[in-house]
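Worth saying up front: this structure is predicted, and the values here are computed from it rather than measured. Note that ligands are numbered from 1 as they come in the structure, with each ligand's atoms numbered from 1 the same way.
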Amino acid sequence: MTYLVTDACVKCKFMDCVEVCPVDCFYEGENFLVISPDDCIDCGVCEPECPVDAIVADAVDDPDGKWLRINAHYAQVWPNITVKGVPPADRGDYERETGKFEKYFSSRPGQREP
Ligand code: SF4
Ligand code: F3S
């Protein structure tokens with residue numbers, strides 16, 4: 001079992017989740033985050049931290065494995081993130097939208113100031 005980041009995170013990217021993870025298993029894309037399923041210890045601490053409920057337990061909310069595949073893949077190509085950055089200024093415009101992954105997802109890695 002693992003926890004996963006899902007559609008609600010796309011273009012919202014609050015990043016409240018990253019600072020509570022005891023094993024630092026979040027990875028950052030341009031407009032989305034993922035969890036490394038290989039490293040997640042299923043503690044569940046991050047789940048209530050997300051203001052838009054984007055984090056789910058795979059056994060409960062990922063019946064066809066879609067989000068497991070996405071999280072596992074991008075955890076291998078994006079940079080690790082452990083400190084909250086500045087969320088997108090227009091995140092409020094996207095909080096209630098669904099199907100955001102198909103519409104807006106960027107495969108580019110997150111960019112941080114050195
Ligand atoms: Fe990290 Fe725990 Fe969330 Fe897994 S469930 S990503 S170990 S905080
Ligand atoms: Fe995304 Fe929620 Fe974390 S919007 S960045 S999963 S706090």
Can you sort out which atoms of ligand 2 are near [X], meaning under 4.0 Å from one of its heavy atoms?
X	answer
Leu33	5 (S)
Asp16	7 (S)
Val52	4 (S)

Name the orientation class of the two ring planes belonging to Phe32 and Phe101 (parallel below 30°, tilted from 30 to 60°, perpendicular beyond 60°).
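Judged by the thresholds at 30° and 60°, the geometry between Phe32 and Phe101 is perpendicular.
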To which protein heavy atom is [atom] closest, and what is the distance rounded to 0.1 Å?
atom	result
atom 5 (S) of ligand 2	Met15 N, 3.1 Å
atom 5 (S) of ligand 1	Gly44 N, 3.2 Å
atom 4 (S) of ligand 2	Phe14 N, 3.5 Å
atom 2 (Fe) of ligand 2	Cys50 SG, 2.3 Å
atom 1 (Fe) of ligand 2	Cys9 SG, 2.4 Å
atom 3 (Fe) of ligand 2	Cys17 SG, 2.3 Å

May I ask you to check whether Phe105 and Tyr74 place their ring centers less than 6.0 Å from one another?
yes
Any side-chain donor near an acceptor of the partner, Glu97 and Tyr104, under 3.5 Å
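Tyr104 and Glu97 do have a side-chain donor-acceptor pair below 3.5 Å.
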Salt bridge (charged side-chain N to carboxylate O under 4.0 Å, His left out), paired with Lys13, selected from Glu30, Glu95, Glu28:
Glu28
Pair Cys21, Cys46 - check side-chain contact (heavy atoms from CB on, under 4.5 Å), show working.
CA-CA 6 Å; Cys21 179; Cys46 57; 5.6 Å; no
How about atom 1 (Fe) of ligand 1, which protein N, O or S atoms come within less than 2.8 Å?
Cys21 SG
Contact partition for Val18 relative to ligand 2, non-hydrogen atoms under 4.0 Å
neither
So, do Val18 and Val83 sit near enough that their side-chain heavy atoms are less than 4.5 Å apart?
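No, side chains not in contact.
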If you define the side chain from C-beta out and look only at heavy atoms, does anything of Phe26 sit under 4.5 Å from Ile35?
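The answer is yes; the side chains approach within 4.5 Å.
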Verify side-chain contact (heavy atoms from CB on, under 4.5 Å) between Val10 and Tyr94, making sure each step is shown before the conclusion.
CA-CA 8 Å; Val10 176; Tyr94 298 96; over 6 Å; no
Backbone N/O of Ser36 and side chain of Asn71: donor-acceptor pair under 3.5 Å:
no
Begin with the C-alpha distance, continue with both residues' side-chain angles, and end with the deciding distance and a verdict on side-chain contact (heavy atoms from CB on, under 4.5 Å) for Cys40 and Val23.
CA-CA 7 Å; Cys40 174; Val23 293; 5.8 Å; no
Can Glu47 and Val56 be said to form a side-chain contact (heavy atoms from CB on, under 4.5 Å), step by step?
CA-CA 7 Å; Glu47 183 187 17; Val56 304; 5.6 Å; no
